[in-house]
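Just so it is clear, the values below take in all heavy atoms, side chains as well, and ignore hydrogens, waters and symmetry mates.
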Amino acid sequence: MKVTNKREKANYKVLEVSADITLYKFAEIIVKRFGFYFDHSFGFYDNLEDHFKSKEIYELFTDLDDVEHTPGAKGVRKYYFVSDLFKNRKKMLFLFDYGDTWEFILEVLDDSQRVQDVPKNYYKLYESHGEDPEQYPDIEDEVEEKFIN
């Protein structure tokens with residue numbers, strides 16, 4: 001599985017993950033491999049360019065009580081797994097933190113050799129490319145950069 005930071009395409013990871021990992025755990029793995037805190041809501045979407053136009057949606061909001069969620073969206077905590085996410089496609093969009101909008105393209109590289117006889121939450125990081133972004137960059141640095149450019 002290749003996970004590419006949509007803002008910086010040179011920043012990507014290559015992971016091997018069990019097909020039986022819940023989408024919640026999969027999101028946690030992605031977020032932590034990019035050096036972020038797992039502290040925001042997230043979703044998986046089949047439209048790589050505009051998540052609002054997605055037909056297949058898996059969101060954390062669906063699993064939360066008393067929180068409005070997208071009609072037709074499926075949850076991520078208990079019933080859906082990595083195998084469900086890529087059943088009919090090779091790519092999905094992962095959106096983390098709806099405020100800062102961190103987007104990642106998830107791409108199955110080779111599913112011909114499914115991981116067999118491994119623990120349910122198995123994953124392995126094979127490659128890490130590019131410099132990981134700061135999740136919470138210093139606001140003063142951002143303002144200064146805008147004035148310089």
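At distances below 3.5 Å, not a single donor-acceptor pair connects side-chain atoms of N5 with backbone N or O atoms of N11. With hydrogens and angles ignored, the 3.5 Å screen pairs a side-chain donor or acceptor of T22 with a backbone N or O of K25. Of the possible polar contacts, none joining the T4 side chain to the K6 backbone as a donor-acceptor pair under 3.5 Å is found. A donor-acceptor pair under 3.5 Å links the side-chain atoms of D63 to the main chain of V76, judged by distance alone. Judged by distance alone, with hydrogens and angles left aside, the side-chain atoms of D50 form a donor-acceptor pair with the main-chain N or O of F52 at under 3.5 Å. Within the 3.5 Å criterion, the main-chain N or O of F81 finds a donor-acceptor partner in the side chain of D84.
For V67, the side-chain contact (heavy atoms from CB on, under 4.5 Å) partners two or more places apart in sequence, or in a different chain, are F61, L64.
When every heavy atom of E16 is checked against every heavy atom of Y122, the shortest pair comes out as OE1-OH, 2.6 Å. For the pair E134 and W102, the tightest heavy-atom approach, listed with the atom from each and the gap, is O-CZ2, 3.6 Å. Across P133 and F36, no two heavy atoms sit closer than the pair O-CE2, 3.4 Å. When all heavy atoms are compared, the tightest approach of I105 to K91 is CG2-CD, 4.4 Å. Here the shortest heavy-atom pairing between Y80 and G75 reads CD1-O, 3.4 Å.
Taking a 6.0 Å sphere around CD of E68, one finds it holds 12 or fewer heavy atoms contributed by other residues, nucleotides or ligands. Within 6.0 Å of the CZ atom in F38, the count of heavy atoms belonging to other residues, nucleotides or ligands exceeds 12.
If you take CE on M1 and CD1 on I29, they are separated by 10.0 Å, rounding to the nearest 0.5 Å. Taking OH from Y24 and NZ from K78, the interatomic distance works out to 12.5 Å, rounded to the nearest 0.5 Å. Rounded to the nearest 0.5 angstrom, S128 OG and Y12 OH are separated by 9.5 Å. For the atom pair E103 CD and Y45 OH, the distance stands at 10.0 Å (nearest 0.5 Å). Atom CZ of F94 and atom CG of L85 lie 10.0 Å apart (nearest 0.5 Å). Taken to the nearest 0.5 Å, the CE atom of M92 stands 10.0 Å off from the CG atom of N47.
The shortest distance between side-chain heavy atoms of L15 and V3 falls below 4.5 Å. Side chains of F42 and L95 form no contact here, defined as non-hydrogen atoms less than 4.5 Å apart.
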Pair Y123-S18, side chain to side chain contact (heavy atoms under 4.5 Å, CB included): steps then yes or no: CA-CA 6 Å; Y123 79 93; S18 168; over 6 Å; no
Pair I57-D46, side chain to side chain contact (heavy atoms under 4.5 Å, CB included): steps then yes or no: CA-CA 7 Å; I57 302 167; D46 66 352; 5.8 Å; no
Check against side-chain hydrogen bond (donor to acceptor under 3.5 Å, both in side chains), D97 and Q135: CA-CA 10 Å; D97 185 350; Q135 182 177 5; 5.0 Å; no
Kindly indicate, with the supporting measurements, whether the criterion side chain to side chain contact (heavy atoms under 4.5 Å, CB included) is fulfilled by Y126 and K2. CA-CA 10 Å; Y126 278 101; K2 183 177 180 183; over 6 Å; no
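Classification of D132 and K13 as a salt-bridged pair holds, one side-chain N sitting under 4.0 Å from a carboxylate O. R89 has a carboxylate O that lies under 4.0 Å from a charged side-chain N of E56, or vice versa, which qualifies the two as a salt bridge.
Taking the centre of each ring, F96 and H40 come in below the 6.0 Å mark.
Within the hydrophobic cluster formed by Ile, Leu, Val, Met, Phe, Trp and Tyr side chains joined at under 4.5 Å, directly or through other members, Y37 is accompanied by Y136.
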